[in-house]
Amino acid sequence: MFSLQDAGRAAIDRQARTSLDPDDWQTLRKQGHQMLDDMFDHLQTLDARPVWQHAPSSARALFDAPLPVEASDLADVHAIFRQNILPYGSGNIHPGFMGWVQGGGTAAGMLAEMLAGGLNANLGGRDHMPIEVERQIIRWTRQIFSFPETAGGIFLTGASQANFVAVQIARCRKLGRDIRATGLSDESRLVAYASSEVHGCVPRAFEMSGIGSNRLRGVAVDAAGKIDIGALEQAIVLDRQQGYTPFLVIGSAGTVNTGAIDDLAALRGIADAYDLHFHVDGALGALGILSPDLAHLLAGIETCDSLAFDFHKWGQVPYDAGFLLVRDGEWQRQTFASDAAYLSRAATGLAGGDWWPCDYGPDLSRGFRALKTWFTLKTYGVKALGEAMSANCRLALTLAQHIEQEPALKLLAPVALNIVCFAYVGADGTMPPSVNSHIVERLHAEGRVAPSLTHVNGQPAIRAAIVNHRTSQADIDALVHSVLTIGSRQDLPQC
Ligand SMILES: Cc1ncc(COP(=O)(O)O)c(C=O)c1O
């Protein structure tokens, strides 16, 4: 056993050598408290600042500096952060942020990140409590999505990575574990299916996996933006007749552009009928299951074989915290586990432990994403998270109603969840669609609200993705007001 005396001697020894720990912990402690206070101030006063502002060249120039060879004072380094980074973030923590699909984070999540940084745990494997925290999250996600006890899961950077890993798992399920060594042959002729509205990371997953994005069939969607089940079945039958091997169907639980949710129960039926792995990309909407108002929209999600989703979006966990839930954890092991002498396991000691995440996914070194997720779920509870999601969807509906009552605005897609796509068309409806990109640029420059720009049916659209738990009716009103004001300005470029 180490005594305190031993610990004191070790600390003195370290200082005599090259340790990066401070000589004066008291000064560091004070500085740390200051940094924490600054961040609390920032979070507490978000409303008083613009969502986003362009970083001046003086700030950018500071990050084109020579490599620091000598030490700097932590207080000075923090001052650079405070003046040149903090005011110029992308703004997704701000209540007026509605761009893309990004979560707002929380104060508890921020604090957990600090603790995780202090612990500096590597969750590749071994026997330590951080691994148990990740296992806890896996158990909770099983419960959330009514998955069986055999289900496995893993934290990944985000849904892009989780979708990619799911493609690898589905490929291995279809062709067997040996495919890892042999690689795909010309004869395998794998094909997969998703709607034409699937997120761009899915075709990229096919590119990265060597299957090729041409082998991902983009199936037509109906007027609500959901995959056309009849067209899907026809495509599968045709591919089989032509000698292809259908192996995977991917449903969207919230398409990126408009938030449409595919008929997941019908997709399960198709997967069973044609022996396909059924994966769901739930990056955006899967956690909606935590809201009693929204859960019914996701019926069938509990039947999928794998599910990608992001705690860092609607779960409000600070970036990054993507997750993949897999119906049978053994499928993950078959796809990723390998023997390496330097990762030898032991029955006891630090090299013990019966669950090493490096056997279940592509990463060996892995951060402690589970801690900020655990803190978020424990601190706020899933009820409050679900209520925030319901509130986001109610705001989306009021925005859509407002747009429909306003002759100068046009709703461009049905509102299924928390995303509203619309256009400024002018009081007489003759405004060229291209003005919408100028309107969005000006909204960003003004800094009160920040939606993003997309195209719906080929037409430029203002897209408000309401994901942040801080967004309120006042922000929605400000969006409508600002779009109308900017749109009616004479100086707006019309092409
Ligand atoms: C439906 C959908 N799938 C996948 C992704 C990619 O997720 P991530 O950014 O976490 O990699 C997104 C991102 O917005 C998304 O909306």
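All values below were derived from every heavy atom in this structure, side-chain atoms included, with hydrogens, water molecules and symmetry-related copies excluded. We count ligands from 1, going down the list as the structure has it; atoms in each ligand are counted the same way. Residues: numbered from 1 along the sequence shown.
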- Item | Residue part near ligand 1, for A159, under 4.0 Å between non-hydrogen atoms | both
- Nearest-neighbour protein heavy atom for atom 15 (C) of ligand 1, which is reported as residue plus atom name and distance: H199 CD2, 3.3 Å
- Taking heavy atoms and a distance under 4.0 Å, where does A283 meet ligand 1: side chain, backbone, both or neither? side chain
- Message: Using salt bridge (charged side-chain N to carboxylate O under 4.0 Å, His left out), reason through E134 and R366 one step at a time and then give a plain yes or no.
- Response: CA-CA 11 Å; E134 184 153 346; R366 307 174 64 249; 2.7 Å; yes
- What atoms in ligand 1 come closer than 4.0 Å to a heavy atom of G158? 10 (O), 11 (O)
- Where ligand 1 meets G254 - atom numbers and elements under 4.0 angstrom, heavy-atom basis: 1 (C)
- Message: Is there a salt bridge (charged side-chain N to carboxylate O under 4.0 Å, His left out) between R470 and D47? Walk through the geometry before answering.
- Response: CA-CA 10 Å; R470 303 181 178 101; D47 274 317; over 6 Å; no
- Item | Atoms in ligand 1 flagged as close to S160, the criterion being non-hydrogen separation under 4.0 Å | 6 (C), 7 (O), 8 (P), 11 (O)
- Quick one: do the Q316 and Y380 side chains pair a donor with an acceptor below 3.5 Å? no
- Message: I'd like to check which ligand 1 atoms, numbered from 1 as shown, lie under 4.0 Å from a non-hydrogen atom of D310.
- Response: 7 (O), 8 (P), 10 (O)
- Take the angle between the ring planes of F323 and F311 and call it parallel below 30°, perpendicular above 60°, tilted in between. perpendicular
- Do D64 and R60 pass the salt bridge (charged side-chain N to carboxylate O under 4.0 Å, His left out) test, and can you show the C-alpha distance, the side-chain angles, and the key distance before you say yes or no? CA-CA 7 Å; D64 189 16; R60 293 171 196 268; over 6 Å; no
- Message: So, regarding D281 and ligand 1 (criterion: nitrogen or oxygen to nitrogen or oxygen, under 3.5 Å), is there a contact or not?
- Response: yes
- Task: Check each heavy atom of H312 against ligand 1 and say whether those closer than 4.0 Å belong to the side chain, the backbone, both or neither.
- Result: side chain
- Got a donor-acceptor contact below 3.5 angstrom from the N92 side chain to the G103 backbone? yes
- Message: What protein heavy atom lies closest to atom 14 (O) of ligand 1? Include the residue and the distance to one decimal.
- Response: K313 CE, 3.1 Å
- Hey, which atoms in ligand 1 end up nearer than 4.0 Å to a heavy atom of C201? 4 (C)
- Would S252 count as a contact of ligand 1 if the rule is a heavy atom under 4.0 Å away? no
- Yes or no on salt bridge (charged side-chain N to carboxylate O under 4.0 Å, His left out) for K226 and D263, after CA distance, side-chain angles and deciding distance? CA-CA 7 Å; K226 300 171 183 216; D263 183 341; over 6 Å; no
- Message: Tell me if the CZ atom of R180 is crowded by more than 12 foreign heavy atoms within 6.0 Å.
- Response: yes
